[in-house]
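Both backbone and side-chain heavy atoms feed into the values below; hydrogens, waters and symmetry mates do not. Quick caveat: nothing in here was measured; it's all calculated off a predicted structure.
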Amino acid sequence: MTELPEGGLPLAGITVVSVEQAVAAPYATRQLADLGARVIKVERPDGGDFARRYDTTVHGESSYFVWLNRSKESVTLDLKSDRGRQVLEQLLGGADVFVQNLAPGAAARMGLGADALAERFPSLIRCSVSGYGTSGPWAARKAYDLLVQCQTGLVSLTGTAEESARVGVSIADIAAGMYAYSGILTALFTRATTGVARAVEVSLFEALAEWMGQPAYYTRHGGTQPPRIGTQHATIAPYGAYTAADGKDVLFSIQNEREWAALCEQFLRRPGLVDDPRFATGSDRVAHRDELNAIVAERFGELDSGEVMKLLDEAGIANAGVNDVQEFLAHPVLSARNRWRDIRIPGGAVVPALLPPADLTGTAPRMDPVPAAGEHTERVLTELGYRTADIAALRTDGVI
């Protein structure tokens with residue numbers, strides 16, 4: 001059996017240097033840090049990653065930054081200066097992975113493009129996270145999460161018939177960060193088995209385009225896109241949230257004919273609906289959604305939400321109360337499964353953070369503090385051989 005590296009985490013001994021900002025790249029590298037990689041986050045001397053200032057809700061720190069940057073080391077470097085880039089070159093000389101999500105064209109201008117880095121550092125895995133790719137007609141175009149939600153058509157599917165809406169989390173950034181993370185892991189495996197260091201490229205647009213696969217097939221082959229219908233499901237019925245007699249919403253889903261029969265017989269108490277030609281198949285139920293919704297809503301109006309969920313559970317039908325964020329934070333699954341861990345943030349406060357969702361048997365993920373901007377600059381420069389006077393000069397000149 002292969003032993004884990006020293007430290008007990010799969011990526012212990014791997015060093016990642018990331019010139020990163022905002023969400024997508026930091027999300028990828030935080031997951032590498034969770035697995036034990038040393039992640040050196042390079043930030044600007046004039047305030048660091050701008051995501052630090054998105055809000056001040058977590059004891060004065062940004063909720064985005066606290067979420068995305070635990071267990072990293074922060075080094076401030078002015079990469080527009082020759083000496084700043086020289087320090088970065090030294091860092092890359094000892095790194096396994098380089099990640100960047102700079103503005104379009106900025107990495108290439110600084111000599112940090114994938115091909116240029118491959119010539120200088122043949123064993124370095126290079127990961128680029130961009131808006132629309134590093135080639136093609138939109139390579140130079142800026143992209144943010146909501147813009148990409150719009151460009152992929154996601155916003156046209158989200159909301160109600162009267163009004164479209166953005167997805168309430170940074171879903172394009174998260175998708176890109178996940179694919180960057182899995183791409184880097186694949187590249188590390190490839191290097192370990194073949195000796196070849198591959199480049200990884202992920203764009204927000206193409207990451208979210210993959211997640212648009214089902215509506216894309218539906219639209220291309222069905223002639224029209226799925227309708228925008230709030231918490232209802234565009235292609236399955238009944239599937240959605242309904243209001244119980246106590247005013248609380250409960251969502252449930254019918255996935256197959258067995259569940260449809262159970263709903264009619266045990267919950268609706270109208271067994272004759274099972275063979276009603278209006279509702280005989282999934283497609284029939286979607287076609288007659290309004291009539292079906294009226295029947296379901298009438299039954300919900302006779303019961304409070306607890307009774308609704310109890311009856312649906314007894315019928316073997318998946319259901320859930322429609323939680324707000326406070327209810328999610330207090331969810332019994334998270335507490336019973338011990339998913340919260342305390343982490344320290346800049347300023348010394350301690351806040352709860354969720355464990356990474358993928359559990360590895362016998363391995364506890366790293367949950368180290370969120371760094372202050374430039375907190376580890378002097379330590380990292382000392383490791384590179386810089387003397388105290390050299391570091392002081394760099395600071396005086398604004399390089400760090």
Side-chain angles (χ1 to χ4, degrees), residues 1-20 23-43 49 65-75 88 90-101 121 123-127 129 174 176-195 197-200 202 337-346 350-372 375-377 379-380 382-384:
M1 180 180 294
T2 303
E3 296 291 330
L4 286 174
E6 185 178 354
L9 288 168
L11 296 185
I14 296 295
T15 298
V16 179
V17 174
S18 189
V19 181
E20 61 180 27
V23 176
Y27 187 46
T29 59
R30 196 217 74 193
Q31 293 175 91
L32 297 171
D34 291 342
L35 291 177
R38 182 186 189 187
V39 176
I40 300 173
K41 179 184 180 79
V42 177
E43 304 186 63
D49 181 345
F65 196 85
V66 170
W67 166 44
L68 296 166
N69 290 283
R70 65 175 179 246
S71 304
K72 299 180 185 179
E73 300 173 42
S74 172
V75 171
L88 180 62
Q90 291 175 273
L91 287 173
L92 293 178
D96 299 281
V97 180
F98 174 64
V99 181
Q100 64 86 13
N101 68 332
F121 306 104
S123 65
L124 181 69
I125 292 164
R126 298 86 59 203
C127 178
V129 180
I174 294 168
M178 287 300 303
Y179 287 120
Y181 167 61
S182 61
I184 290 167
L185 293 179
T186 302
L188 285 167
F189 177 79
T190 301
R191 192 185 67 170
T193 54
T194 70
R198 304 286 187 186
V200 177
V202 177
R337 286 177 50 78
N338 194 27
R339 301 306 296 179
W340 295 103
R341 296 291 184 277
D342 286 341
I343 61 169
R344 194 170 299 278
I345 65 174
V350 173
V351 299
L354 282 171
L355 288 169
D359 292 335
L360 299 179
T361 302
T363 302
R366 205 163 114 207
M367 302 287 283
D368 289 349
V370 176
E375 179 179 340
H376 303 92
T377 303
R379 187 177 79 189
V380 171
T382 300
E383 291 175 7
L384 292 175

Looking only at heavy atoms, what is the nearest atom pair of L355 and P365, with distance?
CD2-CG, 3.7 Å
Could you please spell out the steps behind the salt bridge (Lys or Arg N to Asp or Glu O under 4.0 Å) verdict for R339 and D359?
CA-CA 10 Å; R339 301 306 296 179; D359 292 335; 3.0 Å; yes
Taking CZ in R341 as the centre, count heavy atoms belonging to other residues, nucleotides or ligands within less than 6.0 Å. Is the count above 12?
yes
Can you tell me how far the CZ atom of R30 sits from the CD atom of E20, to the nearest 0.5 Å?
11.5 Å
So, does R198 use its side chain to make a donor-acceptor pair with the main chain of T190 at under 3.5 Å?
no
Taking all non-hydrogen atoms of both residues, which atom of V19 and which atom of F98 are closest, and how far apart?
CG2-CE1, 3.6 Å
State the CD1-CG distance between I40 and L92, to the nearest 0.5 angstrom.
9.5 Å
Can you check whether L35 reaches L360 side chain to side chain, under 4.5 Å on heavy atoms?
yes
Main-chain N/O of A197 paired with R126 side-chain donor or acceptor, under 3.5 Å:
yes
Rounded to the nearest 0.5 Å, how far apart are OH of Y181 and OG1 of T186?
10.5 Å
Working to the nearest 0.5 Å, report the span between CG of D96 and CG of L124.
8.0 Å
Spacing of CD1 belonging to I125 relative to CG belonging to L188, to within rounding of 0.5 Å:
4.0 Å
May I ask you to decide if P371's main-chain N or O and K41's side chain share a donor-acceptor pair within less than 3.5 Å?
no
Looking at every heavy atom in both L11 and L185, which two are closest together, and how far apart are they?
CD1-CD2, 4.0 Å
Is any side-chain heavy atom of R366 less than 4.5 Å from a side-chain heavy atom of D34?
no
Between L384 and L91, what is the shortest heavy-atom contact and its length?
CD1-CD2, 3.8 Å
Could you walk me through whether R38 and E383 satisfy the salt bridge (Lys or Arg N to Asp or Glu O under 4.0 Å) test, starting with their C-alpha distance in whole Å, then the side-chain angles of each, then the deciding distance to 0.1 Å, before giving a yes or no?
CA-CA 14 Å; R38 182 186 189 187; E383 291 175 7; 2.9 Å; yes
Can any side-chain N or O of H376 pair as donor or acceptor with the backbone N or O of S74 at less than 3.5 Å?
yes
Do the non-hydrogen side-chain atoms of V23 and W67 ever get within less than 4.5 Å of each other?
yes
Heavy-atom nearest pair, D49 first then P26, reads OD2-CG, 4.3 Å
Determine the minimum heavy-atom distance between A95 and V17, stating which atoms define it.
CB-CG2, 3.8 Å
Taking atom CG of N69 and atom OG1 of T29, what is their separation to the nearest 0.5 Å?
6.5 Å
